[in-house]
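Heads up: the structure comes next, in structure tokens.
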Amino acid sequence: ADTLVAEIMFNMGIGNSLSQNNEAALKNFKDAIARGYTKKNAFDYAISAASQLQKPEEMAEIAEQAYAIYGKEDSRYIGYMVNNLIDKKEYAKADALIDKYIAEDPNNAQLYFVKGVLCDSEGKPEESLAQFKKALSLDENNASTLMQYGYKLYQKACDLDQTEGGGLSNADYNNFRATKVDPMLKEAAGYLEKAYQIDDTMSDARQVLRSIYYNLNDEENLKRVEAM
């Protein structure tokens, strides 16, 4: 009986989602899960409904249930949990949570990506870069990770230019740019180019590439990126 009722609740949730009654849909999906309907799409639909209602706490709670069952195949659930803690600035809890899951699944690239986002939110740019780099070592073709790593490198190059480039003679500044800043900008461009090649909907990657090529006075690549 519970199995049948759970399936009915799930189907009611689908109907309410289609009619954009997200409050009712969320309740339906949660009821279905509570009654034993634990197919992955039940959790995904429930999280989507909670997202539409801007309820990060509920998203995190549902994601925690989903991760226990489907975490090995879909690590995005950990992101919902960590983002909820980031929003509340509960960084210590977020660190403990992500470190726990990394210890359990140390070869999961998505976990290091989430850790990188967390470190960035905590104002730890170098550690953030290290986490994104670790994620890329495990999954070199993840567009989101490539985007974030390239963007953080770009920021690092700009910060270096501002903090160490002032007060230098023209000759010293040109040498400083050629040996320290420009190589970092070019490295960042490589990651961003690859991210955009994998996912050409990443408008942020294209915008950062425009800034990089403008900064490098690379007119040819600037025109190419502007024409994308």
Side-chain angles (χ1 to χ4, degrees), residues 1-122 131-132 134-136 138-139 141-145 147-148 198-199 201-202:
D2 275 352
T3 302
L4 179 59
V5 172
E7 190 167 344
I8 291 171
M9 290 292 182
F10 174 78
N11 288 328
M12 288 174 63
I14 295 294
N16 281 316
S17 291
L18 291 173
S19 62
Q20 298 185 343
N21 188 349
N22 290 300
E23 196 73 57
L26 177 58
K27 183 180 185 306
N28 294 149
F29 293 130
K30 289 175 67 176
D31 286 345
I33 292 167
R35 289 177 178 269
Y37 192 96
T38 56
K39 292 182 180 179
K40 188 175 183 298
N41 58 355
F43 297 103
D44 292 342
Y45 280 125
I47 289 171
S48 177
S51 176
Q52 292 293 324
L53 295 167
Q54 298 184 351
K55 293 185 174 182
E57 288 275 3
E58 298 231 32
M59 292 172 65
E61 290 173 8
I62 298 162
E64 187 173 3
Q65 293 176 274
Y67 192 86
I69 306 172
Y70 300 106
K72 293 289 185 181
E73 65 179 86
D74 191 345
S75 300
R76 291 178 302 166
Y77 297 122
I78 189 68
Y80 298 124
M81 291 184 264
V82 171
N83 285 338
N84 178 50
L85 294 171
I86 290 174
D87 288 343
K88 296 189 293 185
K89 301 190 185 304
E90 295 181 2
Y91 298 122
K93 288 184 180 180
D95 276 311
L97 182 68
I98 190 64
D99 289 345
K100 171 180 176 291
Y101 286 118
I102 287 175
E104 294 174 355
D105 192 8
N107 294 317
N108 190 320
Q110 183 66 20
L111 296 179
Y112 295 99
F113 173 81
V114 174
K115 179 74 173 180
V117 172
L118 174 58
C119 291
D120 190 37
S121 299
E122 293 176 297
Q131 296 299 330
F132 290 135
K134 175 65 177 178
L136 285 174
L138 296 168
D139 182 3
N141 294 315
N142 185 287
S144 295
T145 310
M147 167 65 204
Q148 288 299 321
I198 293 170
D199 183 358
T201 66
M202 281 193 161

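Bear in mind that the values here come from a model prediction, so they are computed numbers and not experimental data.
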Shortest non-hydrogen contact from Asp95 toward Leu118 = OD1-CD2, 3.2 Å
Is any side-chain heavy atom of Met81 less than 4.5 Å from a side-chain heavy atom of Leu85?
-> no
May I ask you to test the Thr3-Tyr37 pair for a side-chain heavy-atom distance under 4.5 Å?
-> no
Between CG on residue Asp120 and CD on residue Glu122, distance to nearest 0.5 Å | 9.5 Å
Output the distance between atom CE (Met9) and atom CG (Asp31), rounded to the nearest 0.5 Å.
-> 5.0 Å
Taking all non-hydrogen atoms of both residues into account, name the closest pair between Ala50 and Glu58 and its distance.
-> CB-CB, 4.2 Å
When you look at Val82 and Val117, which way does the side chain to side chain contact (heavy atoms under 4.5 Å, CB included) test go after all the steps?
-> CA-CA 9 Å; Val82 171; Val117 172; over 6 Å; no
Does the side chain of Leu111 reach to within under 4.5 Å of the side chain of Lys115, using non-hydrogen atoms?
-> no
To the nearest 0.5 Å, how far apart are CG in Leu53 and CG in Asn22?
-> 5.0 Å
Glu57/Lys88 salt bridge by N-O under 4.0 Å criterion | yes
Quick one: are Leu26 and Asn16 in side-chain contact, heavy atoms under 4.5 Å?
-> no
For the student: nearest non-hydrogen atoms of Asp87 and Pro56, plus distance | OD2-CB, 4.4 Å
So how far is it from Glu104 CD to Asp99 CG, rounded to the nearest 0.5 Å?
-> 11.5 Å
Would Lys30 and Gln65 satisfy side chain to side chain contact (heavy atoms under 4.5 Å, CB included), going step by step from the backbone distance to the final call?
-> CA-CA 11 Å; Lys30 289 175 67 176; Gln65 293 176 274; over 6 Å; no
Under 3.5 Å side-chain donor-acceptor pair for Thr201 and Asp199 | yes
Any idea which heavy atoms bring Phe43 and Thr38 closest together, and the distance?
-> CE1-O, 3.6 Å
Can you establish whether the number of heavy atoms outside Tyr45 located under 6.0 Å from its atom OH is more than 12?
-> no
What is the distance from atom CZ of Phe113 to atom CE of Met147, rounded to the nearest 0.5 Å?
-> 10.0 Å
Closest heavy-atom pair and its distance - Leu138, Pro106 = CD1-O, 4.1 Å
Please confirm whether Phe10 and Phe29 have ring centers closer than 6.0 angstrom.
-> yes
Sub-4.5 Å side-chain heavy-atom contact between Tyr67 and Tyr80 | no
NZ-CD1 distance between Lys39 and Ile69, expressed to the nearest 0.5 angstrom | 13.0 Å
If we only count heavy atoms from C-beta on, is the Asn84 to Met59 side-chain gap below 4.5 Å?
-> no
Can you establish whether the number of heavy atoms outside Lys89 located under 6.0 Å from its atom NZ is more than 12?
-> no
Got Ile78 and Ile98 here, is their nearest side-chain heavy-atom distance under 4.5 Å?
-> yes
Carefully, step by step, assess Val114 and Gln131 under the rule side chain to side chain contact (heavy atoms under 4.5 Å, CB included).
-> CA-CA 9 Å; Val114 174; Gln131 296 299 330; over 6 Å; no
Can you name the closest pair of heavy atoms from Ser17 and Ala25 and give their distance?
-> OG-CB, 3.5 Å
pair Ser144-Phe132: side-chain heavy atoms closer than 4.5 Å = no
Please determine, by modelled atom types, if Asp44 and Tyr77 share a side-chain donor-acceptor pair under 3.5 angstrom.
-> yes
